[in-house]
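The block underneath contains the structure these notes are about, expressed in structure tokens.
Naming: A, B, ... by sequence-line order, numbering from 1 per chain. Computation of the quantities below employed the complete heavy-atom set of this structure, encompassing side-chain atoms and omitting hydrogens, waters and symmetry-equivalent molecules.
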Protein chains: 2
Amino acid sequence: MLTAMEERALHERFGALAPLSPKTWKAIVALGSRESLAEGAFFSQPGKPATRFAVVISGLLRHYYLDAKGKESVKAFRGPMELSGPYAEIVQRRPSRTFIEALTDAELFVFEVAAIDEAAETSLELQRLVRRFVEVQFVAKEQREYEFLLLSAEERYRQFCASLPELVQHIPQHQIASYIGITPVALSRIRARGRKRAEKRRP
Amino acid sequence: MLTAMEERALHERFGALAPLSPKTWKAIVALGSRESLAEGAFFSQPGKPATRFAVVISGLLRHYYLDAKGKESVKAFRGPMELSGPYAEIVQRRPSRTFIEALTDAELFVFEVAAIDEAAETSLELQRLVRRFVEVQFVAKEQREYEFLLLSAEERYRQFCASLPELVQHIPQHQIASYIGITPVALSRIRARGRKRAEKRRP
DNA sequence: CCTTTGCCTTAACCCGGGTTAAGAACGACG
DNA sequence: CGTCGTTCTTAACCCGGGTTAAGGCAAAGG
């Protein structure tokens, strides 16, 4: 199912998180399945059971909430070799409350949580790998907490541009605004301020 | 070192997260050490190596950042049977960037990360337990992200009161304000609004 | 006892971001 | 080609929260 190149890329990614014997790696490959997701399609939707997660092989995904008034709030963008899935809900064994949408056509390597958990009951290496994945997620969320607590909207925008420079051009601004917790109008103003300052320095 | 009662309480807490054989439990008890922290003392300080975490046996801790202008930003309050420590920095193998301060005299059960990691290399049960702890941390941070993205300051305050009703009375309000990402003045106004509304309903 | 210190509140003023609305630029599609 | 969505921008107005400052209150310490 996976091309040799894809398998190599995944192996490198997983191996960077935790040492993996060839045997464990084979087991992981056997547990996952490659799936395509067309642009605009959903990997997770609120109300549906949260039983699967995936590693992105290619493409770009967006995680977001949708509140009662119809406002979208973007939790994350996930690109190649990153983990995607309603992980908090999986852990809590609750239905998903988040949309995960493909912003571009995407290829995923999908795992059933139940299968991974079962295999991890007898594989310390796998258990450790999952732990590392969760740690990576945790660090990302704590960084986000840091930004909400300490930075202004403008600083959060700069941080975003600095941390995902390739993506900034391709993601619609209202989604970036939502990610940093402001409205599209406010982001437009922030960008205008930035442009004004730039041309002041070099008129 | 631990009283029988403390050990039972810890055992119950750990066992609720993941099944633990008596052998694993003995190993865990042997790895940790009970430490007292006087009110106002620190379990973690920025710049110091992040090599230890702890389970709170009794007392109340506060995790916070301190920025260049001297502003404190509270990340978390942690009470009995909760995990404390600069976990993001531990995972990243970086020096701590967070203060962890005892708000009351506290008893901790402290672990050296290196010792836990080493033991977890040969214990699937321990590896799994650590994973569960990280998952709990992750879910908490994601909940916090949800609140920053979707709720107003007033709603965050209500949520805080609802989720930690016993603590609200005992924690200084400027620390609560910092936790929900506003100033003490703003929190005072929010509380005043609440009082006004309450006496309108029953004058 | 009085002073100090920390905590909370109130008020006045300011500013960043929310809201609403209108328009420009662009691509998709009939 | 025109029309319709979508995205982005700009402007006007409003409001929540930031800032600063002053005062009240209670506990701590001389």
Could you label the plane-to-plane angle of the A/Tyr87 and A/Phe53 rings as parallel, tilted or perpendicular, counting under 30° as parallel and over 60° as perpendicular?
perpendicular
Could you tell me if the side chain of A/Ile176 sits less than 4.5 Å from the side chain of A/Leu167, heavy atoms only?
no
Quick check on C/dG6: is either OP1 or OP2 less than 4.0 Å from any side-chain nitrogen or oxygen of B/His174?
no
Would you say a side-chain N or O of A/Arg191 is under 4.0 Å from OP1 or OP2 of D/dC8?
no
Any salt bridge between A/Glu155 and A/Arg158, counting N to O under 4.0 Å?
no
Report yes if a side-chain nitrogen or oxygen of A/Gln173 is closer than 4.0 Å to either non-bridging phosphate oxygen (OP1 or OP2) of D/dT9; otherwise report no.
yes
Looking at the rings of B/Phe138 and A/Phe138, which for Trp means the six-membered one, are their centres under 6.0 Å apart?
no
Is it true that the NZ or CZ of A/Arg144 lies under 6.0 Å from the centre of A/Tyr179's six-membered ring and within 45 degrees of the ring axis?
yes
Pick from B/Phe42, B/Phe43, B/Tyr65: which one makes a ring-ring contact (aromatic ring centres under 6.0 Å, His included) with B/Phe99?
B/Phe42
Protein-nucleotide distance (B/Leu103, atom CG; C/dG6, atom P), rounded to Å:
16 Å
Are there any protein N/O atoms within less than 3.5 Å of an N/O atom in nucleotides 14-23 of chain C, and if so, which ones and at what distance?
{"from": "C/dG17", "atom 1": "OP1", "to": "A/Ala153", "atom 2": "N", "distance (Å)": "3.3"}
{"from": "C/dG17", "atom 1": "OP2", "to": "A/Arg193", "atom 2": "NH2", "distance (Å)": "3.4"}
{"from": "C/dG18", "atom 1": "OP2", "to": "A/Thr183", "atom 2": "N", "distance (Å)": "3.0"}
{"from": "C/dG18", "atom 1": "OP2", "to": "A/Thr183", "atom 2": "OG1", "distance (Å)": "2.8"}
{"from": "C/dG18", "atom 1": "N7", "to": "A/Arg189", "atom 2": "NH2", "distance (Å)": "2.7"}
{"from": "C/dG18", "atom 1": "O6", "to": "A/Arg189", "atom 2": "NH1", "distance (Å)": "2.7"}

Can you check the B/Glu39 CD to C/dG6 P distance for me, whole Å?
14 Å
Measure from NZ or CZ of B/Arg97 to the centre of the six-membered ring of A/Tyr146, then state whether that distance is under 6.0 Å and the direction lies within 45° of the axis.
yes
To 10°, what angle do the rotation axes through the five end pairs on each side of the helix from C/dC1-D/dG30 to C/dG30-D/dC1 form?
20°
Expressed as a whole number of angstroms, how long is the span from A/Gln175:CD to D/dT6:P?
12 Å
Heavy-atom side-chain proximity of A/Leu37 to A/Asp105 below 4.5 angstrom
no
Nearest whole Å is fine: how far is C/dC8 C1' from B/Ile171 CD1?
16 Å
